[in-house]
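In what follows, a structure is listed as structure tokens, so that the remarks can point back to it.
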Amino acid sequence: MFSNTRLGTILVVCIVSAAWFHPAPASAQVVRGNKIEAVVNDKVVTRYDVFQELDKASYDKMSASEQKRDFNAAVQNLVLGILREEAAKKAGVKLSEEQVRGSLTRYIDARWGGEEGFESFLNDQGLSEKSYIEDFRRQQRTQAWLRVVSGRGAAAKLSEDLRPLYDITVTPKEMRTFYRLNRDELFSTKDEIKVRYIKMFYKRGNKKSLRKVKQRMRGIKASLATKADFAVLAEKYSDDVATKDAGGDIGWIEKGKTDKVPEAIEKLLFAEGVKAGDILGPKHLVNAYWLMKVDNIKTARTKPFTEVQADIRNELVRRKNKAALTRVLSVLVEKAYIRPPRLKVQIKANLASQRRR
């Protein structure tokens with residue numbers, strides 16, 4: 001015998017199966033009606049629900065294939081959201097709208113002293129109350145879900161087949177291994193140099209133009225020898241429109257990894273013996289002269305494990321948390337009644353793909 005809930009679900013599926021459709025532009029939503037897109041246990045995901053998840057302005061500008069992709073992704077996210085909330089309810093974690101609103105009211109009172117301060121904050125930040133509340137609701141549900149999968153507090157009632165999947169313990173050995181494998185890429189820096197420059201062009205083949213630029217460069221270098229401000233001179237004389245307003249500042253240049261200056265200039269900057277405060281040049285290159293000031297230097301180094309171990313732990317916890325949540329969701333999907341069948345297959349495939357990353 002079927003339970004009333006299951007029988008009702010089957011009837012819903014039968015009714016909508018003949019009318020299952022592909023996503024249409026959001027503007028057609030009202031015309032087409034609020035049809036059912038998915039059935040999850042005893043709940044349904046409607047077309048209206050899906051478009052609440054989508055950005056209508058962006059959606060209407062997409063191609064048909066992009067609309068289909070985003071629509072299907074929104075359906076899957078809603079299905080997973082239903083399964084998360086059901087698991088939270090089963091574990092004794094309350095997610096009622098009244099509880100969320102109560103938490104928000106307490107938060108507003110504690111942080112802004114009430115509604116008036118909250119409204120002032122929203123105005124200052126250019127936020128709408130609706131978007132802020134929705135974001136707060138999403139955060140509350142995320143926290144509740146984490147209590148479920150970690151088996152904390154009331155969520156200790158969680159079934160035994162899910163809790164072991166949520167193991168985010170990080171061992172010292174794992175941290176050391178991560179450091180060893182990623183030392184060169186993540187925890188080592190190369191020589192870097194912070195530079196300002198003055199760049200002056202001359203007309204190629206025009207000796208008069210060439211002499212004029214050379215004389216001006218010599219005059220600028222002489223001024224620098226008397227403690228003139230390089231940034232002021234760069235703003236006044238440099239022909240490089242991209243940097244002159246910033247006093248010739250091009251920021252930090254990493255040795256062997258820059259597209260900010262030509263190779264010949266890079267070699268000059270990283271030559272042995274160059275130190276902060278040095279004036280380099282003028283250097284002739286193609287149809288221009290370069291005059292540079294070294295503002296600062298960072299020497300290549302490898303950060304020791306003790307310096308980065310906290311960051312490593314946080315990164316490994318983040319990765320394990322993501323993997324654990326995916327494992328738990330996979331079990332919930334497998335056990336759930338989801339229609340149409342192809343939707344369940346798609347969700348399982350996507351979760352499997354995430355686990356392999």
Side-chain angles (χ1 to χ4, degrees), residues 5 8-89 95-101 103-104 122 125-145 322 325-326 329-330 332-333 336-354:
T5 299
T9 301
I10 294 175
L11 288 174
V12 170
V13 175
C14 292
I15 291 170
V16 302
S17 60
W20 226 278
F21 52 85
H22 295 293
S27 55
Q29 179 185 348
V30 177
V31 177
R32 297 291 296 275
N34 192 24
K35 297 184 178 180
I36 295 175
E37 282 296 326
V39 179
V40 189
N41 295 331
D42 61 346
K43 294 182 174 62
V44 295
V45 174
T46 67
R47 172 169 284 255
Y48 176 79
D49 296 329
V50 176
F51 279 110
Q52 288 292 99
E53 292 290 303
L54 296 170
D55 183 335
K56 180 182 180 299
S58 299
Y59 183 85
D60 283 343
K61 295 177 182 178
M62 294 178 181
S63 66
S65 62
E66 290 173 330
Q67 287 183 342
K68 183 177 181 180
R69 177 202 63 201
D70 280 25
F71 190 93
N72 289 338
V75 171
Q76 293 185 37
N77 286 336
L78 287 168
V79 169
L80 293 175
I82 289 172
L83 293 177
R84 285 197 297 265
E85 293 196 20
E86 287 183 350
K89 184 178 180 180
L95 289 171
S96 67
E97 185 63 22
E98 292 76 14
Q99 288 239 336
V100 173
R101 280 284 181 175
S103 296
L104 177 61
L122 293 177
Q125 298 297 317
L127 300 172
S128 71
E129 183 176 355
K130 179 182 177 181
S131 65
Y132 187 90
I133 291 175
E134 184 57 38
D135 184 60
F136 184 86
R137 182 184 293 112
R138 192 176 294 113
Q139 291 179 29
Q140 290 289 299
R141 288 176 174 170
T142 298
Q143 290 303 314
W145 173 237
K322 181 179 179 181
L325 292 176
T326 303
L329 284 173
S330 297
L332 295 179
V333 169
Y337 176 82
I338 299 174
R339 287 293 184 272
R342 59 175 171 79
L343 178 60
K344 184 170 185 175
V345 172
Q346 291 172 355
I347 294 174
K348 288 170 64 176
N350 288 340
L351 290 172
S353 175
Q354 292 177 30

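Quick caveat: nothing in here was measured; it's all calculated off a predicted structure. Just the heavy atoms: all of them, side chains too, but no hydrogens, waters or symmetry mates, feed the values below.
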task: Kindly compute the distance separating CG (Asn41) from CG (Leu83), expressed to the nearest 0.5 Å.
output: 6.5 Å
Over all atoms of both residues, closest heavy-atom pair of Thr326 and Gln354: OG1-OE1, 3.7 Å
- prompt: Residues in side-chain contact (heavy atoms from CB on, under 4.5 Å) with Ser63, at least two apart?
  reply: Ser65, Glu66
Pair Thr46, Asp49: side-chain N/O donor-acceptor within cut-off below 3.5 Å: yes
message: When you compare the side chain of Asp42 with that of Tyr337, does any pair of heavy atoms fall below 4.5 Å?
response: no
- request: Taking side-chain contact (heavy atoms from CB on, under 4.5 Å) as the test, write out the residues that go with Gln346, two or more places apart.
  value: Gln76, Arg342, Leu343
- request: Measure up the Tyr59 and Phe51 rings against each other and bin them: parallel (under 30°), tilted (30 to 60°), perpendicular (over 60°).
  value: perpendicular
- prompt: Which heavy atom of Pro340 sits nearest a heavy atom of Ala38, and at what distance?
  reply: CD-CA, 4.5 Å
message: Just verifying a value: how many Å separate Asn77 CG and Asp70 CG, rounded to the nearest 0.5 Å?
response: 10.0 Å
Smallest separation among heavy atoms of Val50 and Glu37, with atom names: CG2-CG, 4.3 Å
task: Any chance you could measure Phe136, atom CZ, to Arg101, atom CZ, to the nearest 0.5 Å?
output: 10.5 Å
field: Spacing of Arg84 atom CZ and Leu332 atom CG [to the nearest 0.5 Å]
entry: 10.0 Å
- prompt: Going by heavy atoms in the side chains, are Pro341 and Arg339 under 4.5 Å from each other?
  reply: yes
- prompt: Once you round to the nearest 0.5 Å, how far does CD1 of Ile36 lie from NZ of Lys43?
  reply: 14.0 Å
query: Where do Glu53 and Leu78 come nearest, in terms of heavy atoms and distance?
result: CG-CD2, 3.7 Å
field: Nearest-0.5 Å distance that lies between atom CG in Leu80 and atom CD1 in Ile338
entry: 7.5 Å
- line: When every non-hydrogen atom of Ser128 is compared with those of Leu122, the smallest separation belongs to O-CD2, 4.3 Å
